[in-house]
**Q** 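Below you will find the structure I want to go over with you.
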Amino acid sequence: MSAGTLKNRLAHLRWWAEKIGKAGVIPADNTQLGIPERRIVASENKARDLGDSLDKVNDPYVGMSLLLQKTFELAGLSNMHGLRHHYAQTHIRH
């Protein structure tokens, strides 16, 4: 995992830990965890990829789908497709 990814995930974990009253569990300084400084990679391809990603996020369905997928990943959840089936089966029976 890249340093940037680790730092982003730790930021989410710190926020969550603060909300549940356990802010001190995760060190505030990333260097204490051995996470290096971010490396900034600037290239034409990266800029093009970013532009394509932003276009997708502006689409309401795709944007929400990406947001939910990222939220599930950050929570450590995967294979969430089955929840749709469960929801439909539960509501069709009633």
Side-chain angles (χ1 to χ4, degrees):
M1 241 181 263
S2 72
T5 300
L6 290 170
K7 288 180 179 189
N8 287 339
R9 290 185 178 184
L10 280 167
H12 288 98
L13 287 173
R14 286 184 182 108
W15 175 86
W16 177 73
E18 180 184 339
K19 297 303 175 198
I20 64 166
K22 301 285 185 181
V25 172
I26 301 169
D29 185 6
N30 290 327
T31 57
Q32 290 178 324
L33 299 171
I35 299 171
E37 293 296 317
R38 290 181 198 241
R39 289 185 345 210
I40 298 175
V41 179
S43 72
E44 186 178 317
N45 289 339
K46 288 274 185 188
R48 186 178 303 123
D49 291 345
L50 178 60
D52 291 344
S53 297
L54 291 175
D55 286 343
K56 291 177 185 173
V57 172
N58 288 330
D59 178 282
Y61 175 79
V62 173
M64 183 54 72
S65 179
L66 291 171
L67 176 64
L68 288 172
Q69 179 181 355
K70 193 54 108 172
T71 303
F72 291 144
E73 286 176 13
L74 289 171
L77 302 171
S78 61
N79 301 322
M80 303 306 291
H81 184 78
L83 289 178
R84 280 198 259 166
H85 295 287
H86 175 73
Y87 176 86
Q89 290 171 351
T90 301
H91 287 82
I92 290 172
R93 287 188 201 147
H94 295 90

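Note that the structure is a prediction, hence the values are computed from the model and not measured. Residue numbers count from 1 along this sequence.
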**Q** Is the shortest heavy-atom distance from the side chain of Leu33 to the side chain of Leu6 under 4.5 Å?
**A** no

**Q** Which value, rounded to the nearest 0.5 Å, describes the distance between Leu74 atom CG and His12 atom NE2?
**A** 5.0 Å

**Q** Between atom CG of Leu10 and atom CG of Asp29, what is the distance when rounded to the nearest 0.5 Å?
**A** 11.0 Å

**Q** When rounded to the nearest 0.5 angstrom, what distance separates CD in Glu73 from CZ in Arg9?
**A** 6.5 Å

**Q** Where do Pro36 and Ala3 come nearest, in terms of heavy atoms and distance?
**A** O-CB, 3.4 Å

**Q** How far does CG of Leu13 sit from CG of Asn8, to the nearest 0.5 angstrom?
**A** 11.0 Å

**Q** For a quick test of reading the model, state the closest non-hydrogen atom pair linking Ala17 to Ile26 and the distance between them.
**A** CB-CD1, 4.3 Å

**Q** What about Val25 and Ile20, same hydrophobic cluster or not, with Ile/Leu/Val/Met/Phe/Trp/Tyr joined at side-chain heavy-atom distances under 4.5 Å?
**A** no

**Q** Looking only at heavy atoms, which two atoms of Pro27 and Arg14 are closest? And how far apart?
**A** O-NH2, 2.6 Å

